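Here is the structure we will look at.
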Amino acid sequence: MSTTFTHQQFRQVLGQYPTGVVVITAVVPGQPPAALTIGSFTSVSLEPPLVAFYPDKSSSSWPRIQQQGKFCVNVLSAEQEHLCRQFAQKSSDKFSGIDWRPSPNGSPILKGAVAWMDCEVAEVRELGDHHLVVGRVLALDSQASDLPLLFFRGGYGRFIHSSLVAADTRLVEFLPAVEVIRTVLESTATECKAECLLAARLHDEFVVLASAGNLPTVGDARPTRVGRRLPYIAPLGVALAAWGPPDDIPRWIARDSTTGHPELEQWSELLALVRDRGYVIGRGDIPYAALEQAIEDRDGAVCSDIVLEALSEVRETMLTQPQLSDEHAECDVRSLTVPVFLPGNHTLQIGLYGLSATMSHRDLLTNIRRLRSASQRCTEMLGGAAPATPLHDDLEVPR
Ligand SMILES: Cc1cc2nc3c(=O)[nH]c(=O)nc-3n(C[C@H](O)[C@H](O)[C@H](O)COP(=O)(O)O)c2cc1C
């Protein structure tokens, strides 16, 4: 019977079903061990103890594992997304840099795995473009205190019990985008030696969607939590405001103002400058440290008074953007922010935080260029396009 859906629809619909992530491993005599990441793992039977998974017929690792007649199933922890990616790549030595010990049967147990099952191959069948592999479990153990890694709609996450936290389902729509550009965030954080955050506006809130490079802290800067919600109010989200609807700007400057918007002109000028330059600079350590403290101390409300007060201190440092033409000027740059353009006139922003106050003028310009290049790559990867007016490149940066 012919089907009424495309491959893409099949994948999209099946992607609504979350899975755990395991790595199937085996030792291959005379060669590096074989392994592959698997989401299609399931338990099958208690008596006899059977488990199963479905390797693709195109897998080069599965035939090498099958030849050994035995394997180990490693359930990855929520901290092991990097292992999930490493073992999902085609490579002749996926174990490079991986810490493991042998199971009773000799197969690799990955350090930090939440659970492992030592199996012998009980049955292999062809099913469509995959094999069905049934394993008989010979030995097993778990580290129940760790949370497993979860895979859902192309993104990774962890289990949160619904009675403990009301998960914010509005953030789920951003997961695929985060997944697509995660590598850019990670490489930018590494290159610039700072924390790289992806943030979005959700109605009246400014939300941190992803964080990369939780490096050792510099000064008072502390790594930021993903999912952190703050009021969408100046100076948070300057890049979002600069390329967002102009009508939203007065409310972004002063949410409940009864006295008009005395700073409207100043902020409008700043946003025009940001649109022209393509980035915005945050300066000075003290206001940021105070903001972090206020966020920690707040009573749970997104828009609490102490956070608003701390934000008003940071506003000043944002309104005067340094002139970068003077290489001897004191900059004291602590954050750099750029936009990412999504299809349909939506904007995200990428920010670098925890930059060193003693950064040289040359390093500052290099970091700005790196961040702008990250902005361009992310926009392309997400299928968006920068606004028609080209960014004014005012940087004389040594390459
Ligand atoms: C989260 C996740 C789940 C995956 N699940 C499966 C799966 O169930 N079956 C499969 O054949 N491949 C799965 N893959 C892809 C394989 O890991 C990948 O194709 C394989 O490692 C390719 O290398 P190989 O040629 O060495 O086998 C998954 C990848 C990821 C990231």
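First listed ligand is number 1; within each ligand, the first listed atom is number 1. None of the values given here were measured: they were computed from a predicted structure.
One finds the CH2 atom of W267 at 11.0 Å from the CD1 atom of I249 (value rounded to the nearest 0.5 Å). Taking CZ of R277 as the reference point, atom CZ of R275 lies at 14.0 Å (rounded to 0.5 Å). The structure places NE2 of H361 at 10.0 Å from OG1 of T366, a figure rounded to the nearest 0.5 Å.
An N or O contact shorter than 3.5 Å links Y54 to ligand 1 by distance. At under 3.5 Å, not a single nitrogen or oxygen of S58, backbone or side chain, sits near a nitrogen or oxygen of ligand 1. The shortest N or O to N or O distance between W62 and ligand 1 is not below 3.5 Å. For a threshold of 3.5 Å applied to N or O pairs, the pair formed by G39 and ligand 1 contains at least one separation below that value.
Within the 4.0 Å heavy-atom criterion, neither part of F152 lies near ligand 1. When non-hydrogen atoms are compared, ligand 1 lies under 4.0 Å from neither the backbone nor the side chain of F41. Under 4.0 Å from ligand 1, the heavy atoms of F87 that appear belong solely to its backbone. By the criterion of a heavy-atom distance under 4.0 Å, neither the backbone nor the side chain of R85 is placed next to ligand 1.
Using 4.0 Å as the threshold, Y156 has a heavy atom nearer than that to some atom of ligand 1.
Proximity to K94 (heavy-atom distance under 4.0 Å) selects the following atoms of ligand 1: 21 (O), 23 (O), 24 (P), 26 (O). Close approach to D56 involves these atoms of ligand 1, each under 4.0 Å from a residue heavy atom: 10 (C), 11 (O). Ligand-side atoms of ligand 1 in range of L36: 21 (O), 27 (O), range being under 4.0 angstrom from any heavy atom. The ligand atoms of ligand 1 that sit less than 4.0 angstrom from a heavy atom of P55 are 11 (O). Numbered from 1 in the order shown, with element, the atoms of ligand 1 that lie under 4.0 Å from a heavy atom of S60 read 24 (P), 25 (O), 26 (O), 27 (O). Set against the non-hydrogen atoms of K90, the atoms of ligand 1 under 4.0 Å away are 22 (C), 23 (O), 24 (P), 25 (O).
A 4.5 Å side-chain heavy-atom check between V75 and M117 finds at least one atom pair inside the cut-off. Taking the side chain as every heavy atom from C-beta outward, R370 and L352 never approach each other to under 4.5 Å. At least one side-chain heavy atom of H131 sits under 4.5 Å from a side-chain heavy atom of E126.
Nearest to atom 15 (C) of ligand 1 by heavy atom, out of I24, I65, T37, L76, is T37.
The shortest contact between atom 18 (C) of ligand 1 and any protein heavy atom is with A88 O, 3.5 Å. Distance from atom 27 (O) of ligand 1 to its nearest protein heavy atom, with residue and atom name: S59 OG, 2.7 Å. Among protein heavy atoms, the minimum distance from atom 26 (O) of ligand 1 is reached at S61 OG, 2.5 Å. For atom 8 (O) of ligand 1, the closest non-hydrogen atom of the protein is S40 OG, 2.6 Å. Among all protein heavy atoms, the one lying closest to atom 7 (C) of ligand 1 is I38 CD1, 3.5 Å.
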- List the steps and the verdict of side-chain contact (heavy atoms from CB on, under 4.5 Å) for F174 and L202. CA-CA 11 Å; F174 291 107; L202 268 177; 3.9 Å; yes
- Message: Please determine whether salt bridge (Lys or Arg N to Asp or Glu O under 4.0 Å) holds for the pair R85 and E179, giving the CA-CA distance in whole Å, both sets of side-chain angles, and the decisive distance to 0.1 Å.
- Response: CA-CA 12 Å; R85 293 171 190 281; E179 209 34 48; 2.6 Å; yes
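A donor-acceptor contact closer than 3.5 angstrom links the side chains of T358 and S356. Side-chain contact, S58 with D56: a donor N or O sits under 3.5 Å from an acceptor N or O.
Relative ring orientation between W100 and F95 is described as perpendicular, the plane-to-plane angle rising above 60° on a 0-90° scale split at 30° and 60°. Below 30°, between 30° and 60°, or above 60°: for F341 and W243 the angle between ring planes is above 60°, a perpendicular geometry.
Annotation: E309, atom CD; neighbour count of heavy atoms from other residues, nucleotides and ligands within 6.0 Å does not exceed 12.
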